[in-house]
J.: 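Here it is, the structure, as structure tokens.
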Amino acid sequence: MKTHHATTLAIVVWYLMIPPIGADNKVDTHAPLSQWRRGVGFESEKDCDDSLKDAIQNPMTPAEYQAAAQATKKAKMKPLSMSEMTKRTAESQCVAADDPRLKAKVKK
């Protein structure tokens with residue numbers, strides 16, 4: 001008698017993780033990954049990496065920055081400077097959805 005084993009393909013989603021903004025309105029790259037903002041999801045690490053590389057190589061235009069700053073102000077938040085916005089993009093990371101660093105540590 002033959003036993004058939006079902007093969008399950010595990011699909012891992014990759015997220016573009018964006019560093020948080022500290023109280024000083026600066027990018028906080030030292031914050032735990034669990035505190036970073038989950039951006040766009042991708043089906044592969046390569047797709048995520050390609051998207052991040054594109055965002056770094058083609059930074060926001062001054063007009064796009066102004067529109068983003070206006071939207072931030074409308075949301076009653078302080079917009080980042082253009083240099084901090086560029087830094088935030090450059091410091092973003094692609095991370096697998098099952099990465100244990102995404103889970104917040106429980107304090108005992």
Side-chain angles (χ1 to χ4, degrees):
M1 184 172 190
K2 291 184 180 178
T3 306
H4 295 282
H5 296 280
T7 304
T8 304
L9 267 183
I11 297 175
V12 176
V13 175
W14 287 82
Y15 290 109
L16 181 59
M17 300 299 293
I18 303 163
I21 307 303
D24 60 355
N25 213 44
K26 303 278 185 201
V27 175
D28 184 4
T29 59
H30 299 295
L33 204 54
S34 61
Q35 295 176 7
W36 289 36
R37 193 179 112 225
R38 185 176 294 177
V40 180
F42 296 90
E43 291 184 8
S44 71
E45 181 179 18
K46 182 184 180 328
D47 289 346
C48 186
D49 286 339
D50 289 348
S51 180
L52 180 55
K53 285 176 191 168
D54 183 57
I56 291 168
Q57 291 172 354
N58 299 295
M60 219 179 249
T61 65
E64 291 169 328
Y65 171 75
Q66 288 301 322
Q70 287 302 322
T72 302
K73 287 177 186 174
K74 197 172 190 176
K76 303 205 185 302
M77 297 173 7
K78 185 177 178 186
L80 293 177
S81 66
M82 184 100 164
S83 64
E84 282 299 303
M85 191 74 98
T86 300
K87 179 181 178 182
R88 194 175 195 202
T89 301
E91 296 293 337
S92 294
Q93 299 179 32
C94 292
V95 178
D98 60 356
D99 190 307
R101 297 173 298 163
L102 293 177
K103 295 188 180 11
K105 302 243 189 259
V106 177
K107 293 183 181 179
K108 293 181 181 182

J.: Quick one: are Leu102 and Ser34 in side-chain contact, heavy atoms under 4.5 Å?
T.: no

J.: Does some side-chain heavy atom of Leu80 sit less than 4.5 Å from a side-chain heavy atom of Lys87?
T.: no

J.: To the nearest 0.5 angstrom, please state how far the CD1 atom of Ile21 sits from the CG atom of Asn25.
T.: 6.5 Å

J.: Quick check: does any side chain N or O of Thr86 sit under 3.5 Å from a backbone N or O of Met82, one acting as donor and the other as acceptor?
T.: yes

J.: Evaluate the side-chain proximity of Arg38 to Met17: yes if any heavy-atom separation is below 4.5 Å, no if none is.
T.: yes

J.: Less than 4.5 Å apart, any side-chain heavy atom of Ser51 and any of Phe42?
T.: yes

J.: With rounding to the nearest 0.5 Å, note down the distance linking NZ in Lys103 to CG in Asp98.
T.: 7.5 Å

J.: Might you confirm whether atom CD of Glu64 has over 12 heavy atoms from other residues, nucleotides or ligands at distances under 6.0 Å?
T.: yes

J.: Are Ser92 and Ile18 packed together at the side-chain level, in the sense that at least one heavy-atom pair is separated by less than 4.5 angstrom?
T.: yes

J.: Would a distance-only check, ignoring hydrogens and angles, find a side-chain to backbone donor-acceptor pair under 3.5 Å from Arg101 to Pro32?
T.: no

J.: Is a donor on one side and an acceptor on the other found under 3.5 Å between the side chain of Asp28 and the backbone of Pro19?
T.: no

J.: If hydrophobic clusters are built by linking Ile, Leu, Val, Met, Phe, Trp and Tyr wherever their side-chain heavy atoms come under 4.5 Å apart, do Val95 and Trp36 end up in the same one?
T.: yes

J.: Quick check: is Val40 connected to Val13 through a chain of hydrophobic side chains (ILVMFWY, heavy atoms under 4.5 Å apart)?
T.: no

J.: Is the backbone N or O of Ser81 less than 3.5 Å from a side-chain atom of Glu84, with the two atoms forming a donor-acceptor pair by type?
T.: no

J.: Thr72: what forms a side-chain hydrogen bond (donor to acceptor under 3.5 Å, both in side chains) with it, not counting sequence neighbours?
T.: none

J.: Using 0.5 Å steps for rounding, measure from the OG1 atom of Thr89 to the CG atom of Asn58.
T.: 11.5 Å

J.: In the single-linkage hydrophobic clustering (I, L, V, M, F, W, Y; side-chain heavy atoms under 4.5 Å), do Val27 and Met85 co-cluster?
T.: yes

J.: Tell me whether Asp49 is salt-bridged to Lys53, with the criterion being a basic N under 4.0 Å from an acidic carboxylate O.
T.: no

J.: Taking all non-hydrogen atoms of both residues, which atom of Ala68 and which atom of Met60 are closest, and how far apart?
T.: CB-CE, 4.4 Å

J.: So which heavy atom on Tyr15 is nearest to which on Ala97, and how close?
T.: CE1-CB, 3.4 Å

